[in-house]
Amino acid sequence: MHNTSKAYMTFRWLTPGFTALCLAVNAGSALAEAVGDVIKTEHIDVTLERVAEGFEHPWAVAFLPDGRYLVSERNGQLNLVEEDGQSQVLEGVPRVNHHGQGGLLDIVLHPDFGNGNGEHDWIYFTWSKPDDNGSRSALSRVKWQGDALGDVEHLFEQDRASGPGRHYGSRIAWLTDGTLLMSIGDRGSDPSRAQASDDHAGSTVRLTETGGVPDDNPFVDDASTLDEIYTLGNRNIQGLVVRHNGDVWASEHGPLTGDELNLLEPGNNYGWPDVTLGNDYATNEPMGENSLPDMVDPHHDFEIRFAPSGLAEVSGGIFDAWEGNLLAGGLSSEMLLRLTLDGDQVTESERLLEGQIGRIRDVRQGPDGAIYLLTDDSQGSLYRLLPAAQP
């Protein structure tokens with residue numbers, strides 16, 4: 001069991017000055033336009049620029065080796081975005097269940113994408129797969145063929161379909177051994193499913209690159225638990241990152257408040273709905289216990305209605321002052337938080353953005369070292385955060 005003592009945390013909430021957004025440029029024109037003034041933060045001044053715009057509720061961004069971007073939209077479109085902001089919709093994505101929070105969701109490249117012979121040029125994506133009984137969180141991959149999508153391979157889907165259309169989870173992260181993790185939410189109607197070991201809902205699953213079950217998954221020898229399950233008791237993980245030291249961190253939606261950050265370890269039960277610091281939506285009364293035996297307490301409670309989505313570790317030279325920090329995006333809070341870690345403790349939290357660009361759905365560090373942000377809006381944009389030029 002893990003306990004986080006708030007006595008060891010220092011919170012530096014900054015509200016940087018920010019002017020109105022620059023006037024939007026015409027759709028389809030070259031972008032990378034500066035947005036607002038220089039933002040002063042605790043350790044470094046930064047600037048924002050808009051790289052591309054006009055996406056319908058974008059969900060994830062991935063970086064192709066040639067400098068172009070892939071951006072998914074919940075409506076089922078996958079966009080190829082040129083470096084000048086021009087984009088085109090790629091054909092070949094399966095029909096998604098675009099209902100509520102469902103649709104085309106996360107996208108990541110195979111770790112050996114672009115190695116020269118094309119063998120590993122796969123784009124992995126999560127999506128809400130239609131079903132007569134609702135939809136399923138699913139994982140597929142599609143072969144990249146220069147400027148187009150090739151064959152699609154379906155790798156995994158949760159064991160039962162569900163309605164309504166929410167709490168899909170669906171973040172993907174590659175582990176250092178070449179296996180991948182995928183989060184699956186509790187699906188929003190029966191929270192107790194997250195404690196059912198014969199149900200993929202409310203878990204993370206660990207898979208091989210072809211969708212198989214690794215021999216060393218934590219429950220492969222437990223007949224009562226599905227072989228794919230890596231962790232249980234997760235309400236709705238929408239931020240997932242493997243740090244350079246191999247640790248896996250996840251940001252997870254709670255109910256009313258109760259949003260949390262966790263260090264994921266194989267076989268652990270993270271408590272939902274029995275352990276939660278969140279409250280009931282109707283009564284605002286506590287929903288669960290603060291702690292229970294054999295369940296992992298939240299490593300960090302965001303303490304506000306943060307609504308986490310997107311999580312990245314900062315690494316590389318252009319943000320030296322943030323090296324090893326986590327950056328967490330927020331939806332309803334419209335925040336970007338910087339979190340300092342000491343082992344498995346969050347020791348500092350700083351608000352870098354608060355409302356300047358809207359609902360932040362995805363946070364990634366690009367190959368150029370910049371921080372990329374996607375906004376969840378009917379006309380969503382891709383932004384780039386950079387250190388400000390020194391006078």
Side-chain angles (χ1 to χ4, degrees), residues 11 13-15 55-61 72-74 99-103 105-106 126 128 137 164-171 183-189 191 194 202 204 233-241 249-262 264 270-273 276-282 284 286-288 298-312 326-339 346 349-364 371-378 380-381 383 385:
F11 295 91
W13 302 118
L14 300 186
T15 307
F55 304 110
E56 183 178 340
H57 294 288
W59 217 88
V61 59
S72 63
E73 295 176 304
R74 277 211 328 261
H99 171 66
Q101 298 169 1
L105 303 172
D106 209 7
T126 52
S128 51
S137 295
R166 60 177 182 261
H167 294 195
Y168 288 94
S170 293
R171 284 294 178 197
S183 65
I184 303 176
D186 68 1
R187 297 307 313 276
S189 57
T204 62
N234 303 112
R235 184 173 184 261
N236 191 23
I237 291 173
Q238 290 196 339
L240 189 63
V241 65
W249 286 86
S251 54
E252 179 173 346
H253 287 262
L256 186 61
T257 65
D259 299 328
E260 58 190 60
L261 179 76
N262 282 304
L264 298 187
Y270 290 85
W272 174 255
T276 174
L277 300 180
N279 295 342
D280 182 86
Y281 287 105
N284 201 29
M287 288 189 64
H299 283 71
H300 176 65
D301 174 20
F302 287 104
E303 297 185 324
I304 54 176
R305 296 192 69 176
F306 181 56
S309 187
L311 188 67
L326 298 181
L327 299 182
L331 293 166
S332 62
S333 65
E334 301 184 354
M335 290 181 188
L336 180 67
L337 296 184
R338 181 183 63 83
L339 304 169
V346 175
S349 180
E350 179 187 8
R351 297 184 186 185
L352 304 177
L353 300 178
E354 187 174 2
Q356 292 94 334
I357 61 174
R359 292 163 55 88
I360 298 175
R361 171 63 73 180
D362 197 16
V363 183
R364 312 266 174 157
I371 306 302
Y372 288 80
L373 310 170
L374 267 182
T375 54
D376 177 37
D377 189 85
S378 60
S381 295
Y383 293 89
L385 191 73

Colleague: First locate atom CG of N262, then atom OG of S251, and finally report the distance between them rounded to the nearest 0.5 Å.
Modeller: 9.5 Å
Colleague: Which of these passes side chain to side chain donor-acceptor pair (under 3.5 Å) with H253: H167, R166, Q238, E260?
Modeller: Q238
Colleague: Suppose we screen for salt bridge (charged side-chain N to carboxylate O under 4.0 Å, His left out). Which residues come up paired with D186, at least two apart in sequence or across chains?
Modeller: none
Colleague: Walk me through it: do L240 and L264 pass the test side-chain contact (heavy atoms from CB on, under 4.5 Å)?
Modeller: CA-CA 10 Å; L240 189 63; L264 298 187; 3.9 Å; yes
Colleague: Can you name the nearest heavy-atom pair linking N279 to T257, along with the distance?
Modeller: N-OG1, 4.3 Å
Colleague: Do R74 and L105 have side chains that approach each other closer than 4.5 Å (heavy atoms only, starting at C-beta)?
Modeller: yes
Colleague: So, using salt bridge (charged side-chain N to carboxylate O under 4.0 Å, His left out) as the criterion, who are the partners of R361 when residues are at least two apart?
Modeller: D376
Colleague: Do side-chain atoms of S128 reach the backbone of G103 as a donor and acceptor pair under 3.5 angstrom?
Modeller: yes
Colleague: As an exercise, state the distance from CD1 of I360 to CG of L374, rounded to the nearest 0.5 Å.
Modeller: 10.0 Å
Colleague: Specify the closest pair of heavy atoms between F302 and L261, including all atoms of both residues, with the distance to one decimal.
Modeller: CE1-N, 3.9 Å
Colleague: Heavy atoms, side chains only, cut-off 4.5 Å: are W59 and D362 in contact?
Modeller: no
Colleague: One thing to verify: whether D259 and R235 come together as a salt bridge, which I'm taking to mean a side-chain N less than 4.0 angstrom from a carboxylate O.
Modeller: no
Colleague: Roughly how far, to the nearest 0.5 Å, is CG of D377 from CD of E56?
Modeller: 10.0 Å
Colleague: Just how far is it from atom CG of L331 to atom CZ of R305, taken to the nearest 0.5 Å?
Modeller: 12.0 Å
Colleague: For a 4.5 angstrom cut-off between non-hydrogen side-chain atoms, does W272 reach P255?
Modeller: yes
Colleague: Which pair of non-hydrogen atoms, one from L339 and one from A328, has the smallest distance, and what is that distance?
Modeller: CD1-CB, 4.4 Å
Colleague: OG/S137 to CZ/R187 distance, rounded to the nearest 0.5 angstrom?
Modeller: 5.0 Å
Colleague: Quick one: are P164 and Q101 in side-chain contact, heavy atoms under 4.5 Å?
Modeller: no
Colleague: Search all heavy atoms of T276 against all heavy atoms of G288 and return the closest pair with its distance.
Modeller: CG2-N, 3.6 Å
Colleague: Looking only at heavy atoms, what is the nearest atom pair of F55 and S381, with distance?
Modeller: CD1-CA, 4.4 Å
Colleague: First locate atom CG of L336, then atom CG of L353, and finally report the distance between them rounded to the nearest 0.5 Å.
Modeller: 5.0 Å
Colleague: Can you name the closest pair of heavy atoms from E334 and R359 and give their distance?
Modeller: CG-N, 3.7 Å
Colleague: Over 60° means perpendicular and under 30° means parallel, so classify the ring planes of W249 and H299, tilted if in between.
Modeller: perpendicular
Colleague: Between Y168 and T126, is the side-chain contact (heavy atoms from CB on, under 4.5 Å) condition met? List the steps.
Modeller: CA-CA 9 Å; Y168 288 94; T126 52; over 6 Å; no
Colleague: Any salt bridge linking R338 with E350? Criterion: basic side-chain nitrogen under 4.0 Å from a carboxylate oxygen.
Modeller: yes
